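One structure is given here, and the rest of the page talks about it.
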Amino acid sequence: MYKIAVIPGDGIGKEVMEATLNILEALDIEFKYEFGDAGDECYEKTGEALPQDTIDIVKNADACLFGAAGETAADVIVRLRQEMDLFANLRPVKSYPGTNALFDDLDFMIVRENTEGMYIGDEDYIEDKSGNITGATAKRVITEEASKRICDYAFKYAKKNERKKVTGVHKANVLKKTDGLFKKVFYEVAKNYENEGIESEDFYVDATAMYLLTRPQSFEVIVTTNLFGDILSDEGAGLVGGLGLIPSANIGENRGLFEPVHGSAPDIAGKGLANPVAMILSAVMMLEYLGEKEAAVKIDRAVLKVLSEGKIVTGDLGGNSSTMEMSEAIKNRIN
Ligand code: NAI
Ligand code: MG
């Protein structure tokens, strides 16, 4: 039995969560769900976007499923990542059939540092003598400890998943101190995995942005700092058919939170139009994290079947099926 914290959140977060819990029912695994409130609606009701009760539920669970928040997303998901020290953000770039993917042969993982870099939110205004704002600054923090932890995670991931190469991405030619340190640590960690047959290479982030378009098949695992990882992973999402398909995992020492990359999609919320696959594949990542490999493969295969059949297709992929029709179709193909 696993205790799972469930935070549906706002907009389509609630719809894709319902669709996902429906599918988990088809497994021979017992889940005990603890529901937590968070997001815009929660803020309107209680004055808090992320109540302490919800944080406690997540802290006491074996894993957490998170749907999406709306305008309060930064106060919810960024804070949860910090509170739980979820230092690794995993974003797979994997082609599925029937999805308008630009490439049909991609399967690599982007490992993004999740706790520091540009997203510590340390910004200041620059003011002139009369107090007029004339500019602003943002501080970017890269530490040896966090760099080592994320690079080590990426190489461990490669080893566990039989990947042969890890690519470190940075801008050390310009950001000499911060990314100079990241690059140095990357190669120190890489040394420990040479004997395991895992290669390492590094590229500048701008070159990587191009290689993702010109030869994305050459990547196996990419490891990078927070902001670069955020941008490159959205580029990755664009390569394989868009936000309705891309799951993610946030991993800490003994914790995992799993969420689609997309937001609350107010433009389609409440209409049953959302593609639940991103959330469903997030649950697949959760099952892998919990060690339930067989169940993860079962759901992944069922998703693959439904997408390649092309009969039940949501609007983002050019069809007109509903969120729950997609969920039922996948559920029916699990066993
Ligand atoms: P979004 O991901 O919600 O939507 C972008 C576009 O993709 C929209 O046209 C939407 O309809 C479409 N889309 C997204 N997911 C889809 C799905 N599963 N099926 C079909 N179409 C889908 O991003 P946007 O519009 O920038 O932000 C909307 C709200 O979501 C904002 O309030 C934002 O703060 C929040 N947000 C929350 C995130 C989180 O909770 N982790 C992440 C990103 C945005
Ligand atoms: Mg992003």
Side-chain angles (χ1 to χ4, degrees), residues 4 6-29 31 33 35 39 64-70 91-102 104 106-107 234 236-249 258-288 292 294-335:
I4 308 296
V6 177
I7 307 178
D10 297 312
I12 66 165
K14 287 185 273 194
E15 299 167 54
V16 296
M17 186 65 80
E18 186 192 348
T20 300
L21 299 183
N22 178 45
I23 283 173
L24 294 178
E25 276 176 13
L27 300 173
D28 290 327
I29 300 172
F31 297 105
Y33 299 123
F35 286 83
C64 174
L65 286 174
F66 181 85
R91 295 193 173 188
V93 180
K94 185 170 169 185
S95 315
Y96 282 90
T99 58
N100 318 320
L102 293 178
D104 58 11
L106 302 188
D107 187 7
D234 273 27
L239 295 176
V240 293
L243 285 171
L245 298 168
I246 314 293
S248 76
F258 303 83
E259 51 161 347
V261 170
H262 65 71
S264 61
D267 53 338
I268 58 165
K271 297 178 187 152
L273 296 175
N275 186 347
V277 167
M279 184 78 235
I280 292 165
L281 293 177
S282 303
V284 168
M285 294 183 87
M286 178 184 81
L287 291 167
E288 282 165 358
E292 298 288 350
E294 203 179 310
V297 169
K298 265 190 194 174
I299 299 182
D300 195 54
R301 285 212 185 115
V303 170
L304 198 77
K305 264 190 211 155
V306 169
L307 289 174
S308 44
E309 284 165 10
K311 281 187 218 141
I312 305 289
V313 180
T314 45
D316 56 320
L317 302 178
N320 52 22
S321 305
S322 72
T323 308
M324 285 313 283
E325 281 168 351
M326 189 84 158
S327 169
E328 280 299 316
I330 295 168
K331 189 180 188 180
N332 288 333
R333 280 161 189 76
I334 284 178
N335 289 310

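Just so you know, these numbers come straight off a predicted model, no measurement behind them. Reckoned from all heavy atoms, side chains included, excluding hydrogens, waters and symmetry mates.
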Is the shortest heavy-atom distance from the side chain of [X] to the side chain of [Y] under 4.5 Å?
X: Val6; Y: Pro8; result: yes
X: Leu65; Y: Phe31; result: no
X: Leu273; Y: Thr314; result: no
X: Ser327; Y: Thr20; result: no
X: Ile280; Y: Met326; result: no
X: Leu287; Y: Ile29; result: yes

Any sub-3.5 Å donor-acceptor pair from [X]'s side-chain atoms to [Y]'s backbone N or O?
X: Thr323; Y: Gly272; value: yes
X: Asp10; Y: Gly70; value: yes
X: Asn332; Y: Glu328; value: yes
X: Ser321; Y: Ile312; value: no
X: Glu259; Y: Ala68; value: no

I need the [X] [atom1] to [Y] [atom2] distance, nearest 0.5 Å.
X: Lys271; Y: Ser322; atom1: NZ; atom2: OG; result: 14.5 Å
X: Asp28; Y: Glu294; atom1: CG; atom2: CD; result: 9.0 Å
X: Asp104; Y: Ser95; atom1: CG; atom2: OG; result: 6.0 Å
X: Tyr33; Y: Met17; atom1: OH; atom2: CE; result: 9.5 Å
X: Glu325; Y: Lys311; atom1: CD; atom2: NZ; result: 14.0 Å
X: Ser308; Y: Arg301; atom1: OG; atom2: CZ; result: 12.5 Å

Quick one: do Lys94 and Val240 satisfy side chain to side chain contact (heavy atoms under 4.5 Å, CB included)? Show the steps, please.
-> CA-CA 6 Å; Lys94 185 170 169 185; Val240 293; 5.9 Å; no
Work out which heavy atom in [X] is nearest to a heavy atom in [Y]; give both atom names and the distance.
X: Ala274; Y: Val16; answer: CB-CG1, 3.9 Å
X: Pro276; Y: Ala19; answer: CB-CB, 3.6 Å
X: Glu288; Y: Ala296; answer: CG-CB, 3.7 Å
X: Asn22; Y: Lys331; answer: OD1-NZ, 2.8 Å
X: Val261; Y: Ser248; answer: CG2-CB, 4.0 Å
X: Gly244; Y: Asp316; answer: CA-OD2, 3.8 Å

Full working for side chain to side chain contact (heavy atoms under 4.5 Å, CB included) between Leu307 and Leu317 | CA-CA 10 Å; Leu307 289 174; Leu317 302 178; 3.9 Å; yes
With sequence neighbours excluded, residues passing side-chain hydrogen bond (donor to acceptor under 3.5 Å, both in side chains) with Glu309 |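 Listed in chain order: Arg333.
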So Tyr96 and Asp300, side chain to side chain contact (heavy atoms under 4.5 Å, CB included) or not? Walk me through it.
-> CA-CA 10 Å; Tyr96 282 90; Asp300 195 54; 2.6 Å; yes
Partners passing ring-ring contact (aromatic ring centres under 6.0 Å, His included) against Phe66 (at least two apart in sequence or in another chain) = none
Asn320 atom CG, neighbour heavy-atom count above 12 within 6.0 Å =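 Atom CG in Asn320 is not packed in, count stays at 12 or less.
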Show your working on side chain to side chain contact (heavy atoms under 4.5 Å, CB included) between Ile299 and Leu27 and close with a plain yes or no.
-> CA-CA 9 Å; Ile299 299 182; Leu27 300 173; 4.0 Å; yes
